[in-house]
Structures are given as structure tokens and as C-alpha cells.
Asker: 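Below you'll find the structure I mean.
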Amino acid sequence: MIRDTSIGAKLWITAVWAVTIFFVLNVLAIIATVIVSSLGTRWLGTWLPNAFTFNWYASAWREFQLGPVLFVTFQIAFTVVALSGLLGVTAAYAMARRDFPGKRLIMLLFLLPLLVPPITFGIPLATVLYQFNVGGTFWGVVLANLVPTVPFVILVMIPFIEQIDPKVEAAARVFGAGTFKLFVYVLMPMLIPGILAALLLVLVRTVAMFELTFLTAGPTSQTLVVSLYYAVFASGVRAVQSIDAMAVIYMVSTLVWLLVALRFVNPTQIVARGNQSSAAH
Amino acid sequence: MAMSHSTPMEAKSLRQKLALRGIDGVTLLVLPSVIFVLAIFIYPFFYGLMLSFSPMREGGMFANYAAFFSDPYLYNTIGATLRLAIPVTILSVAFAVPVAMRVRLMKRQRLLTTILVLPITLGTVLVAQGMLNYLGPQGWFSRTLMLIGLVDSPVKLTNNYWGVFLSLVVTVFPFTFLLTLSYVTGIDPALEKAAATHGASSWQRFRHVMLPLLVPGLAIAFCLTFVQAFAVFPSAVLLGAPSGPTRVISIAAAQAAFEQYDFTMASAIAMIMGVVQLCIVLIVLVVRNLFYRGATSGGKG
């Protein structure tokens with residue numbers, strides 16, 4: 001690349017890096033305070049807690065009933081993953097392989113739920129779900145979470161499918177494979193990395209989705225992040241270290257999947273894939 | 001697909017006609033998702049719109065909107081939200097561009113982008129809880145400032161405007177940055193090299209080559225960032241003063257729905273929220289059109 005070696009340019013570069021490093025340090029410190037606090041016995045007016053203990057995890061597990069909450073969270077998340085994979089991959093295949101009238105309109109239809117923030121469409125959605133008596137139930141939360149995840153899977157999968165040579169499919173067709181067989185024996189093996197990446201990101205998004213779950217969950221369908229919100233909201237009732245222990249458990253349950261997902265995708269693609277393909281059309 | 005197996009003669013001609021227009025069994029695979037989005041996203045929107053016009057209070061179909069715009073406790077939420085969202089958006093875009101311009105030259109971006117994707121993934125609730133500790137009077141932030149002697153007493157950054165502002169920056173800036181980075185790396189490096197060959201300085205290269213190519217992408221990044229920042233909710237409650245300066249519009253909507261159980265009013269507030277977002281997005285897109293609009297990036301990256 002072209003280098004500019006004047007003093008002004010060097011100062012500017014240093015300033016840009018200083019701001020970036022400052023930001024990254026703050027992000028890491030925010031995460032670190034939660035972890036340190038959850039491990040500390042008493043932390044008042046010092047740099048670090050007086051002593052370290054794992055007791056807060058046991059008490060958080062008991063006080064916030066994290067066993068059932070985690071079970072519900074992953075039940076919801078894996079249901080969302082399965083359904084959005086089924087709906088999203090099939091739709092993405094049709095969108096990638098066929099040109100039909102109204103395709104642009106349908107693309108717009110899939111983009112909207114990703115562009116409108118959840119809290120804006122969540123309130124009318126929650127109203128409708130409560131009207132049909134699914135609000136506050138397991139399926140209400142699943143339906144609400146599917147709204148952004150189905151379009152997300154579609155937009156991630158379209159470029160993945162487009163890069164597979166249609167001749168492979170044509171060959172399978174010549175040898176008499178129907179659409180179903182084509183999917184299971186020819187496309188699936190080639191698409192597995194893409195599908196896996198998309199679904200892992202859906203898993204992360206669903207576990208971390210606060211707004212939609214908050215608006216549609218009832219007492220038995222709360223996910224971990226909503227319980228965490230209520231715990232922080234009512235802070236003062238429980239020890240702050242206990243809430244932090246819960247926050248760490250939440251962090252682990254999200255980041256594990258993110259780390260696995262990052263083996264398949266670039267971090268930039270987590271935010272940019274959908275929007276880039278929209279900008280290109 | 002069931003349709004394609006009906007009577008052979010008639011069906012075949014119809015099937016061929018449809019296939020010529022690109023509609024066959026494979027195309028129909030798109031239907032389940034389309035029906036789903038129509039039923040769970042589009043229908044609730046229109047349902048909410050209708051509901052907002054059938055208020056629980058007296059005063060005809062516009063009573064909810066009239067109530068919103070006559071009560072300062074309600075209409076001031078628009079201003080409070082804009083006062084948070086607009087500065088955060090401008091700040092994020094303004095910092096994202098120079099940082100992305102440097103990071104694109106980096107060989108090992110992966111570590112940085114992974115760290116930046118953390119706050120997006122963890123979400124606003126966790127960031128809010130972390131910041132309550134970190135920015136609090138006994139937190140590391142105030143401690144560090146006092147250690148280097150910038151301030152004498154702890155700075156108050158929680159339970160006010162600045163707490164929400166900073167938490168928005170932490171969750172929104174990485175999003176804007178990663179989006180901008182994807183646009184910046186999509187621009188053909190040959191264009192900048194050509195400008196350099198002709199003797200353009202780094203500022204000239206940025207101002208006359210990169211920036212015009214970036215404007216369409218930046219406009220989209222600005223809109224997406226703004227829309228996200230405008231929808232601020234958990235951090236405004238947890239880190240801000242939810243009955244004072246950070247009473248944002250989503251708090252008003254959530255209160256109408258879950259405290260007063262007036263879903264017609266909540267829908268009306270959600271509609272107002274959508275309209276305000278749409279207005280700002282339209283303004284940004286109009287402004288964008290005043291700039292250069294031609295063949296962008298010499299070929300898609």
C-alpha cells in the first residue's frame with residue numbers, strides 16, 4: 001500500500017490507533033468487571049476484591065432458578081434454529097436459483113424484518129400474539145424470534161447457494177433425482193458449512209435477543225437474558241455479585257456458540273452479509 | 001408442487017408457461033417463508049396500525065395520537081430519544097470511517113474484529129450491567145481518571161444521560177464500524193493506487209477518490225445505526241434515568257402496553273416511533289442523492 005511519511009500523517013495515524021485502543025480497552029474492561037465481580041467476596045472501594053470465591057455461582061444458580069431458565073432458553077433457541085433453518089434454506093434455494101416476477105418485492109419483504117428494530121415491530125406483534133392466546137407461551141416466544149432469524153438465514157444462504165455450480169444439480173436431475181433427493185444427497189453435503197454458520201449465528205442471536213423475548217415471554221417462557229434484565233432491574237434485592245455470576249453464565253452460553261461460528265465466518269459478515277447483498281441488488 | 005401433478009395435457013402447457021417465467025416447483029419453495037413473514041411481520045404491523053385508530057379512551061379514532069401529542073410526558077420522549085440517537089450515530093460514523101481506513105491495511109484484522117463483535121453479540125443488557133460496575137463511582141473508570149489526576153472526585157456516569165449515551169456507543173459503534181469496514185474493503189484498491197501514482201496526497205486520495213465512493217454505503221450505515229440507536233430500550237432503563245432525561249420513546253410504549261394494558265396506545269406509540277425513524281432515514285437518503293452518484297467501487301469486492 002502507499003505510505004505517507006509526513007509528520008501530520010503520522011500524528012493522524014497515531015491518533016486513530018489511540019482512539020481504537022482506548023475503545024477496545026473499555027470494552028474488555030466492561031466484560032472483565034463483570035467476571036471479577038462475580039468471583040469476588042467483597043468489593044468496595046478498592047481496585048480488586050478482597051478475596052476470590054466461586055460461591056456466587058451456586059447462589060445465583062439457586063436464587064434465579066437458572067437450571068429451568070437455561071433449559072427453557074435452549075429449548076427456545078434450538079426450536080428457532082430448526083425452524084428458521086428449514087424455512088430459510090428452502091426459500092434461499094428458490095431465491096438463488098430462479099428469476100421470477102416479484103422477486104425484488106419478496107427480497108424487500110425479507111429485508112424489512114432485519115432493518116426495522118425489534119422493539120418497533122415487537123409491540124404490534126406481541127399484541128397480535130396475545131390476541132391469539134400464544135402471547136406469553138413457549139410458541140409465542142419462538143414465533144417472535146423467528147421474525148428476524150428466517151430472513152437472516154435466507155440472506156446468508158443466498159450467496160452460498162449461488163456459488164455452487166448449477167451443472168452439478170443438472171447432472172443429478174439427469175440421473176433422475178427429484179427435488180427432495182437433490183436436496184438431501186447433492187446440495188446438503190455441499191451447503192453444510194454455510195448452513196452450520198448461519199444456524200450458529202441464529203443460535204447466538206436468539207439466546208441474546210432481549211427485546212422480542214421480553215415483549216412476548218410469560219413467566220414460564222423467559223430466557224436467560226430476560227431474567228438477567230429483571231435481576232438488574234430489581235438490583236438491591238440480591239447481591240450484585242450474584243447478578244454478575246448470572247451475567248457470566250449468560251456470557252458463556254452466548255460466546256461458546258459465537259466462537260464456534262467464527263470458525264466458519266468472518267466477524268464482518270455477522271453484520272454486513274445481509275446489508276451488502278441488499279446494497280448490491 | 002402438488003399442483004404440478006394434475007391432468008397431463010392442460011397442466012403441461014400451463015406448467016411450461018409458468019416455467020418460462022421462472023415459476024416451477026423450486027420457486028414454490030419460497031412460499032412458506034413468504035407466508036410466514038406476511039403473517040407474523042406484515043399482518044401485525046397493519047393490525048397495530050388499525051388498533052391505534054380504535055382507542056380505549058374517548059375522542060374518536062385519533063384520540064391516541066391526540067393524547068400523545070398533548071401530553072409533554074409523552075411527546076417529549078421523541079426529543080429525548082433523538083438527543084441520544086443522533087449524536088451517537090454521528091459520532092459512530094465519524095469514528096468508523098478513519099478507523100476502517102486504517103484497519104483495512106492491517107494484515108491481522110481478525111483479533112480486532114472479534115473483540116468488536118463481542119458487545120454486539122452480548123447485547124445491551126449485559127453491557128448495561130457491566131457498565132453499572134465499570135462506570136459507577138467505585139468503578140475502574142473513575143478510579144483510573146483519579147489515578148492519572150484528571151478528576152478529584154468520581155465522575156457521575158450512571159443513572160443519567162451519559163450512562164445511556166456511552167452504553168449506546170459501546171453497542172452501536174462496533175456495528176457501524178464492521179459495516180463501514182465491509183464497504184471500505186469493497187472498494188477496488190487499484191483506484192487509490194492510480195490516484196497515488198498521479199501524485200495525490202493521502203488527504204486528496206481520501207477526499208476525492210474514497211469518500212465519493214463511500215457516500216452511498218455510509219448513508220446506509222448511518223440509517224441502520226440511527227434506527228438501532230433510536231430503538232434504545234434496556235440500557236435507558238438500567239443505566240439512565242427512565243423517568244427523567246432518558247425516558248425514551250420505547251419506554252413510553254412498553255409502559256402503555258404492560259403497565260396500563262392499553263395496547264391501542266402502545267400501538268400508536270410504536271407507529272409514531274416508526275414514522276420518526278422513517279423521516280430521518282428519508283432525510284439521509286435525500287441528502288445522499290445530492291452527492292456524487294455514479295459507478296461505485298470499480299467492480300464489486
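What you are looking at is a predicted structure, and each value in this text was computed from that prediction instead of being measured. Chain letters run A, B, ... following the sequence lines, proteins first, then strands; residues in each count from 1.
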Asker: For A:Trp47, does its backbone N or O pair with a side-chain atom of B:Trp140 as donor and acceptor, under 3.5 Å?
Answerer: yes

Asker: Using only heavy-atom distances, determine whether the side chains of B:Gln129 and A:Tyr229 contain a donor-acceptor pair under 3.5 Å.
Answerer: no

Asker: When only pairs under 4.5 Å are counted, which of A:Leu125, A:Val27, A:Thr254 shares the most heavy-atom pairs with chain B?
Answerer: A:Leu125

Asker: Please flag which part of B:Phe141 lies under 4.5 Å from any non-hydrogen atom of chain A: side chain, backbone, both or neither.
Answerer: side chain

Asker: Less than 4.5 Å to any heavy atom of chain B: does that hold for the side chain of A:Leu255, its backbone, both, or neither?
Answerer: side chain

Asker: For B:Met106, is it the side chain, the backbone, both or neither that has a heavy atom under 4.5 Å from a heavy atom of chain A?
Answerer: side chain

Asker: Can you tell me which portion of B:Phe95 sits under 4.5 Å from chain A's heavy atoms? Options are side chain, backbone, both or neither.
Answerer: side chain

Asker: Between B:Leu49 and chain A, which part of the residue has a heavy atom less than 4.5 Å away: side chain, backbone, both or neither?
Answerer: neither

Asker: Give the member of B:Leu31, B:Thr121, B:Thr114 that has the highest number of heavy-atom pairs under 4.5 Å with chain A.
Answerer: B:Thr121

Asker: Flag the one option from A:Ala92, A:Ala15, A:Gly88, A:Pro101 with the top tally of heavy-atom pairs under 4.5 Å to chain B.
Answerer: A:Pro101

Asker: What distance separates B:Ser52 OG from A:Ile123 CD1, expressed to the nearest 0.5 Å?
Answerer: 12.5 Å

Asker: Where on B:Phe230 is there a heavy atom nearer than 4.5 Å to chain A: the side chain, the backbone, both, or neither?
Answerer: neither

Asker: With a 4.5 angstrom heavy-atom cut-off, which part of A:Leu262 approaches chain B: side chain, backbone, both or neither?
Answerer: both

Asker: Is the backbone of B:Leu51 close enough, under 3.5 Å, to the side chain of B:Ser54 for a donor and an acceptor to pair up by distance?
Answerer: yes

Asker: How about B:Pro216 and B:Tyr183: do any of their side-chain heavy atoms sit closer than 4.5 Å?
Answerer: no

Asker: Looking at CG of A:Asn145 and CD of A:Glu211, how far apart are the two atoms once the value is rounded to the nearest 0.5 Å?
Answerer: 11.0 Å

Asker: For B:Thr144, is it the side chain, the backbone, both or neither that has a heavy atom under 4.5 Å from a heavy atom of chain A?
Answerer: both

Asker: Under a plain distance cut-off of 3.5 Å, with no hydrogens placed, do B:Thr176 and B:Thr225 share a side-chain donor-acceptor pair?
Answerer: yes

Asker: Let's test your reading of the structure: which of A:Val34, A:Leu129, A:Asp99 forms the most heavy-atom pairs below 4.5 Å with chain B?
Answerer: A:Asp99

Asker: Measure the spacing between CG of B:Leu157 and CG of B:Leu239 and express it to the nearest 0.5 Å.
Answerer: 10.0 Å

Asker: At a heavy-atom separation under 4.5 Å, does B:Leu116 approach chain A through its side chain, its backbone, both, or neither?
Answerer: side chain

Asker: For A:Leu109, is it the side chain, the backbone, both, or neither that has a heavy atom closer than 4.5 Å to a heavy atom of chain B?
Answerer: both

Asker: Pick one of side chain, backbone, both or neither for A:Val232, based on which atoms fall under 4.5 Å of a heavy atom in chain B.
Answerer: both

Asker: What part of A:Thr20 lies closer than 4.5 angstrom to a heavy atom of chain B: side chain, backbone, both or neither?
Answerer: side chain

Asker: Any luck finding a side-chain donor-acceptor pair between A:Ser37 and A:Asp244 under 3.5 Å?
Answerer: yes

Asker: How about B:Ser33 and A:Ile154: do any of their side-chain heavy atoms sit closer than 4.5 Å?
Answerer: yes

Asker: Counting heavy-atom pairs under 4.5 Å with chain B, which one of A:Pro113, A:Ser84, A:Pro124 comes out on top?
Answerer: A:Pro113

Asker: Donor-acceptor pair, distance only, cut-off 3.5 Å: does the side chain of B:Arg205 make one with the backbone of B:Ala200?
Answerer: yes

Asker: So, does B:Ser267 use its side chain to make a donor-acceptor pair with the main chain of B:Phe263 at under 3.5 Å?
Answerer: yes

Asker: So which of B:Met271, B:Arg110, B:Met101, B:Gln109 has the largest heavy-atom pair count under 4.5 angstrom toward chain A?
Answerer: B:Arg110

Asker: Does any backbone or side-chain atom of B:Val99 lie under 4.5 Å from a heavy atom of chain A? Answer side chain, backbone, both or neither.
Answerer: both

Asker: Quick one: are the ring centres of B:Phe41 and A:Phe121 less than 6.0 Å apart?
Answerer: yes

Asker: Any idea which of A:Leu28, A:Leu201, A:Leu215 has the most non-hydrogen atom pairs under 4.5 angstrom with chain B?
Answerer: A:Leu215

Asker: So which part of B:Val281 gets closer than 4.5 Å to some heavy atom of chain A, the side chain, the backbone, both or neither?
Answerer: neither

Asker: Tell me whether B:Tyr43 contacts the main-chain N or O of B:Val37 through its side chain, where contact means a donor paired with an acceptor under 3.5 Å.
Answerer: no

Asker: Please state whether the side chain, the backbone, both or neither of B:Ile42 comes within less than 4.5 Å of a heavy atom of chain A.
Answerer: side chain

Asker: Using non-hydrogen atoms and a 4.5 Å limit, figure out which bit of B:Leu112 sits close to chain A: side chain, backbone, both or neither.
Answerer: side chain

Asker: Given heavy-atom pairs under 4.5 angstrom as the criterion, report whether the side chain, backbone, both or neither of B:Leu238 touches chain A.
Answerer: side chain

Asker: Quick check for you: among B:Pro234, B:Gly217, B:Ala254, which has the greatest number of heavy-atom pairs under 4.5 Å with chain A?
Answerer: B:Pro234

Asker: Let me know if A:Ala32 has heavy atoms under 4.5 Å from chain B in its side chain, its backbone, both or neither.
Answerer: both

Asker: Mind checking whether A:Val225 and A:Val207 have side chains closer than 4.5 Å, heavy atoms only?
Answerer: no

Asker: Just so I understand: if I count every heavy-atom pair under 4.5 Å between each of B:Gln277, B:Arg143, B:Gln228 and chain A, which residue has the most?
Answerer: B:Arg143

Asker: Measure distances from B:Val34 to the heavy atoms of chain A and classify the residue's part below 4.5 Å as side chain, backbone, both or neither.
Answerer: both

Asker: Are the side chain of B:Thr158 and the backbone N or O of B:Gly136 linked by a donor-acceptor pair below 3.5 Å?
Answerer: no

